[in-house]
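See below for the structure under consideration.
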Amino acid sequence: MTTKIAKKIVKFSVVKDEPPVAAAAPVKEESTLQHMHEKYERPEQLIGVTYKLKTPLSEHALYVTVNDVILNPGTAHEVRRPFEIFINSKNMDHFQWIVALTRIVSAVFRKGGDVTFLVEELKAVFDPRGGYFKRGGKYMPSLVAEIGDVIEQHMRSIGMINDGLDDHQKNFIAAKRAEYENKSSAKNSSGNTSGDFPATAVLCSKCSTKAMIAMDGCLTCLNCGDSKCG
């Protein structure tokens, strides 16, 4: 559309498009989150869990205590992370290396990051004199390995390590166990068990538990679900 200017032009200026108003920078929530690191100060109060270990290596039990810290409490980013570990026993034979182990593990906890690797490192320690079976039929290659097993159990309880078995695998194991028990009953089996698994079970090479049974010509583990038939 054309506009006719009837008056004398005495002044003019170029109108520029106004720049868009910059959106406010999003608040970096990550910068305010608490993360575990070596300079994180120990709170006055920590949440702890104590586990009792009774091994055939000693008449006295070991008590493993893992203390946790709660990061970002009351928020959507609240997490529970291990902060320190203590091991106590009346048996003083292993006192020196146990103190060293607890200090090193506690230092790794406070470093932050992914500390779950400690579990595999400790469970891979083998006693040259041989290991033992704990209650339930699980083989422990050493006392250090069982301490690693306790740390793994604790990390699972606070959500740092997943269970590893999905619902399908759990249902498969339950079905195989029920099928085995039914067949055993049909054959008038005595039903004797070793720990949580049948007495006739053999050691599973995957989870180191005496839970491998033979069914229909196939070895199947009632603990982890590993099967030689795929």
Give the cluster check for [X] versus [Y]: same hydrophobic cluster or not, with ILVMFWY residues linked at side-chain heavy-atom distances below 4.5 Å.
X	Y	result
Val49	Met155	yes
Met92	Ile147	no
Tyr132	Tyr139	no
Leu46	Leu71	yes
Phe83	Phe117	no

| query | Taking it one step at a time, do Ile161 and Glu152 satisfy side chain to side chain contact (heavy atoms under 4.5 Å, CB included)? | reply | CA-CA 8 Å; Ile161 298 179; Glu152 180 181 26; 4.2 Å; yes
Are any of the side-chain heavy atoms of [X] and [Y] separated by less than 4.5 Å?
X	Y	result
Lys134	Leu53	no
Gln34	Pro73	yes
Leu222	Cys204	no
Leu143	Leu62	yes
Ile47	Asn67	no
Tyr63	Thr50	yes
Arg81	Met160	yes
Ile151	Val105	yes

| message | Are more than 12 heavy atoms, taken from residues, nucleotides or ligands other than Arg103, located less than 6.0 Å from that residue's CZ atom? | response | no
| query | Can you tell me if NZ on Lys54 sees more than 12 non-hydrogen neighbours from other groups inside 6.0 Å? | reply | yes
Measuring from [X]:[atom1] to [Y]:[atom2], what's the distance to the nearest 0.5 Å?
X	Y	atom1	atom2	answer
Ile87	Phe95	CD1	CZ	11.5 Å
Met140	Lys138	CE	NZ	4.5 Å
Ile104	Phe109	CD1	CZ	12.5 Å
Trp97	Thr102	CH2	OG1	10.0 Å

| Have Thr116 and Asp114 got a donor and an acceptor in their side chains that come within less than 3.5 Å? | yes
| said: What I want to check is whether the side chains of Asn72 and Glu78 have a donor and an acceptor closer together than 3.5 Å. | reply: no
Mind listing the closest non-hydrogen atom pair of [X] and [Y] along with its distance?
X	Y	result
Ile158	Arg80	CD1-O, 3.5 Å
Pro141	Phe126	CB-CD2, 3.2 Å
Ser106	Glu84	OG-CA, 3.5 Å
Asp127	Ser142	N-CB, 3.6 Å
Phe133	Gly137	CD2-O, 3.4 Å
Tyr51	His154	OH-ND1, 2.8 Å

| field | Donor-acceptor pair, side chain of Ser89 and main chain of Ala61, under 3.5 angstrom | value | yes
| field | Salt bridge flag under 4.0 Å for residues Lys123 and Glu146 | value | no
| message | Taking Arg110 first and then Glu38, would you say they form a salt bridge - that is, a charged N and a carboxylate O separated by under 4.0 Å? | response | no
| remark: The single option from Val66, Leu101, Leu118 that satisfies side-chain contact (heavy atoms from CB on, under 4.5 Å) with Ile85 is Val66
